[in-house]
Every structure is written in C-alpha cells, then in structure tokens.
Amino acid sequence: MKVLVVGSGGREHALVWKLARSPRVNRLYCAPGNAGTAGLAENVELKAGDVPGLVRFAKQEKIGLVVIGPEEPLCLGLTDELATAGIRAFGPSKAAARLEGDKAFAKHLMQQSSVPTADARIFDKFRDAKTYIASREAGVVVKAAGLAAGKGVIVCDDPADAIMALERIMVHREFGPAGDRVLVEEKLVGTEVSVLAFVDEHTIYLMENTQDHKAAGEGDTGPNTGGMGAYSPTPVPDERTIHQIESEILVPIIDALHTDGVSYCGILYAGLMLTAGGPKVLEFNCRFGDPETQPLLMRLRTDLLDVIEAVQANRLDQITLDWDPRPAMCVVMSSGGYPGPYEVGKEITGLESAATVEDTVVFHAGTRQAGQRILTAGGRVLGVTAMGDTLQAARDRCYQAVDRIQFDGAYCRRDIGAKALAPTR
Ligand code: AMP
Ligand code: GLY
C-alpha cells in the first residue's frame with residue numbers, strides 16, 4: 001500500500017518510522033516532511049495546510065491511506081475532502097476536529113455533558129474579559145480560543161499578569177484571529193497527564209499513559225511550548241482513575257458529538273489535570289501528541305497500519321495492542337529562544353554518533369537537508385528518544401545521545417521524567 005503522512009514534526013517522523021516497519025506499506029511519502037523523514041519516505045513539497053494540493057497529490061499517486069499528523073489540516077477538513085475524492089484518511093472530520101480547533105465549542109460541549117473541566121468564561125470583547133479578570137482574586141489561565149500551535153495558553157499567577165496576557169492575545173493579537181475569542185479559566189493544580197485513545201464509531205481504546213512537559217524551563221517554569229519532552233508509561237494515573245477518565249470524560253464527550261450528529265474516528269487526546277477533586281480536562285486534541293507519540297510508538301509493537309485499518313472498519317473491539325513493557329523517553333532539543341523568536345539554519349553535528357546509543361532513535365522535527373549537511377529549520381529541532389529496562393536507563397540513554405549532538409544555541413530541559421523518578425514515588 002502507498003501511504004502519505006502529512007506534517008513535518010517529530011510526531012510525523014515517528015509515524016513514518018513506525019509505518020516503514022509495516023510489511024504491507026510498500027511506498028511512503030511525507031508532506032512536507034523533514035531531513036529525518038527523507039531517509040525513510042519520499043518528501044513531497046506540499047504544506048500540511050495545503051488541502052487542495054494534498055488531495056490532488058493523493059489522487060495522482062493513488063495513495064491508499066493518508067495519515068494526518070497535525071491539527072491544522074484536520075481542522076481545515078482534509079479528511080472530508082479526501083473522502084469526497086475516494087481516498088481513505090486517518091484522522092477525524094472537520095466537524096469532529098472542532099473539539100481541538102475551537103476551545104469555546106469544546107468548553108460548551110463539556111459543560112453540556114457534565115465532563116469535568118476547569119470552570120471558564122468565554123469572551124469576545126477585551127473590555128468584558130478585563131473586567132471579569134479584575135474581579136478575580138486567584139490565578140487564572142487565559143486561552144486564545146482558536147489554534148495557536150500549543151502556545152496560545154497563558155497560565156497566570158495573579159489578575160495583573162492575566163490582564164497582560166489578555167492584552168497580548170486580544171490587543172496585540174500575538175496569535176492572530178485565534179485570539180478573537182478568549183477563555184478565562186480557573187487555574188487547576190495537580191499532576192498533568194496525556195491520555196490518548198484510538199476511537200472508532202463504537203469503541204474507545206486507550207493507549208499507554210504518557211506525560212508531556214509543556215513549559216520551556218526546568219521545574220515547569222517559563223512559557224508554554226508545544227512540548228519539551230515526554231515519557232511512557234507514567235506512575236499516575238492509577239487503574240481506577242483511568243476507568244474514571246474513560247467513563248466520565250471520553251465516553252460522554254464522544255456521545256455528545258454523536259448526539260449532535262458528528263461521529264468521531266481517529267485519535268482523541270485528552271490533556272488532563274489530576275486534581276484533588278479528580279481528573280479534569282485542560283484540552284482535547286484530535287490527533288497524536290507531539291512529543292508523546294515518539295515514546296508511544298517506540299513502545300507499540302503492533303503494526304500501526306493494522307490499528308488504523310481497525311479504526312476505519314469499526315473493528316477496534318477486535319484487536320489487542322501489544323506494548324513493549326520497557327519505558328521510553330523523548331527529550332526535545334530546541335533552538336535557543338524557542339518558544340519566542342529563534343534563529344534557524346544552524347548546522348547540526350553528531351547525529352550519527354547519537355544514533356549508535358543502544359535502543360535510541362533521533363527523531364527529527366525542525367530540520368532540513370542542505371547537500372550533505374543537516375540544518376535547523378524550526379523551534380523544536382530534534383526529539384531524542386530511547387528505551388531502557390527502567391525509566392532511569394531510558395533517560396540515561398536519551399541524555400547520552402543528546403550530549404553527542406551539537407548545534408548553535410541548542411537547548412533542552414535536563415529534568416524530563418524527573419518527577420517520575422523522585423524518591424517519593
Ligand atoms: P492547553 O493547550 O489548553 O492544554 O494548555 C497548555 C498548558 O497550559 C497545559 O498543558 C497546562 O500545563 C496549562 N493549563 C491549561 N489550562 C490550565 C488550567 N485550567 N489550569 C492550570 N494549567 C492549565
Ligand atoms: N504535546 C502536546 C500536544 O501535542 O499538543
């Protein structure tokens with residue numbers, strides 16, 4: 001089968017890497033891809049948001065399956081357009097992807113279906129939002145309602161900070177039209193986890209637990225990023241909480257969509273805070289997480305194509321996913337300055353040596369090939385991912401590989417997975 005993966009991040013390199021291992025995939029393409037995907041697939045010069053271009057290419061090349069990595073093409077309706085052209089895609093429809101693309105819609109749906117989430121108010125006018133924030137005493141979280149590459153969420157310790165955040169979003173329009181509408185949320189306290197599930201029309205199949213590290217700085221400080229590292233499995237949540245997440249969060253939200261005539265097929269990703277009052281939703285995503293996918297796919301032994309086909313045939317209840325019990329971890333190396341302004345075009349060295357560390361794969365994100373050289377081309381540059389008999393062993397391998405890689409301004413957090421290794425656990 002010919003398979004096209006859409007996107008260019010670490011997640012997409014991991015998807016390409018995993019699909020390349022399927023005996024039934026005989027031709028792989030990645031649009032637009034990066035220097036890492038180029039080694040396993042044919043990169044196609046089409047942007048992930050170029051829906052007509054991607055549909056044309058898929059028709060022309062008689063692609064059997066399109067696997068859509070990022071949220072942008074899903075929210076633009078790539079799945080729907082491909083279906084109209086008779087091409088199978090993996091990823092929810094435009095109507096279902098609103099769960100991620102429109103945080104106000106998602107919040108309403110959660111409120112309607114009693115899914116536990118942070119209390120929030122939604123505002124279209126700067127003045128109204130400002131008055132509301134000024135009336136609050138505790139910290140709040142200000143969120144642009146639209147898509148902002150994981151960066152349109154500003155966690156604030158006090159109302160004065162929150163008003164500055166609101167100005168950034170609604171007045172300076174740092175995230176463009178994504179900030180036409182904002183959510184002002186109560187700030188939740190607890191442990192954050194990502195729960196990802198495969199979903200077909202009848203079944204929700206939870207994957208192994210993962211934890212992301214969203215903040216740029218060590219000890220979870222500094223601005224939010226797309227994610228600076230992840231590991232799997234995680235010590236929390238426990239079995240009981242997982243059942244609770246499934247029955248009180250995932251099932252009712254999918255049912256609420258069904259009630260509105262929308263069926264959800266693909267990946268559903270719930271970003272959750274495990275609070276003293278139980279798990280609460282921070283956000284829903286309609287796709288694999290980045291960087292959670294890197295450790296998850298390294299641990300998945302089952303052929304990903306089999307799982308995708310089971311989702312498409314509504315046969316998820318008939319398969320069992322086989323996971324490597326060994327922990328895996330991904331450490332993101334980013335350009336200096338990310339998630340703020342950063343420079344690109346820096347030469348990356350040491351990749352070959354890093355790849356020789358046992359059970360390690362260096363997934364590329366923002367990279368590009370320039371002749372024999374590989375250059376940085378984005379904020380998150382590499383996702384160095386390793387497996388080990390213990391989380392500590394996986395972590396040691398990750399940082400051993402990280403230390404062999406150099407580029408000007410390279411930055412990574414040194415505390416990925418540290419919480420899971422703390423002596424209290
Ligand atoms: P989101 O994109 O909505 O998941 O937000 C990005 C990050 O901001 C999350 O991963 C959390 O770390 C943090 N965050 C979002 N909403 C809240 C909240 N209500 N309380 C505390 N932290 C939050
Ligand atoms: N790692 C967070 C996300 O993919 O949204």
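As the structure lists them, so they are numbered: ligands from 1, and atoms in each ligand from 1. Worth knowing before you read on, the calculation uses all heavy atoms, side chains too, and leaves out hydrogens, waters and symmetry mates. Quick note: residue numbers are just sequence positions, from 1.
- Looking at ligand 2, you won't find any N or O of G289 less than 3.5 Å from one of its N or O atoms.
- Between E208 and R299 there is a salt bridge, since at least one side-chain N of the basic residue sits less than 4.0 Å from a carboxylate O of the acidic one.
- Of all atoms in ligand 2, listed by their number and element, those nearer than 4.0 Å to a heavy atom of P291 are 1 (N).
- Classification of K214 and D220 as a salt-bridged pair fails, no side-chain N sitting under 4.0 Å from a carboxylate O.
- Checked for salt-bridge contact, K143 and E283 miss the test: no charged N lies under 4.0 Å from a carboxylate O.
- Counting heavy atoms only, E192 comes closest to atom 10 (O) of ligand 1 of the residues E185, K143, E192, K103.
- Nearest residue to atom 2 (C) of ligand 2 from T293, D212, N224 is D212 (criterion: closest heavy atom).
- Of the polar atoms of M273, none of the N or O atoms is found under 3.5 Å from an N or O of ligand 1, judged by distance alone.
- Under 4.0 angstrom from ligand 1, the non-hydrogen atoms of E186 all belong to its backbone.
- In the displayed structure, R181 atom CZ is contacted under 6.0 Å by at most 12 heavy atoms of other residues, nucleotides or ligands.
- Using a 4.0 Å cut-off between a side-chain N of Lys or Arg and a carboxylate O of Asp or Glu, D403 and R414 qualify as a salt bridge.
- Of all the heavy atoms of V141, the ones lying under 4.0 Å from any atom of ligand 1 belong exclusively to the side chain.
- Atoms of ligand 2 lying under 4.0 Å from any heavy atom of R287, numbered from 1 in the order shown and given with element: 3 (C), 4 (O), 5 (O).
- Summary of contacts: the protein heavy atom closest to atom 8 (O) of ligand 1 is N224 ND2, 3.1 Å.
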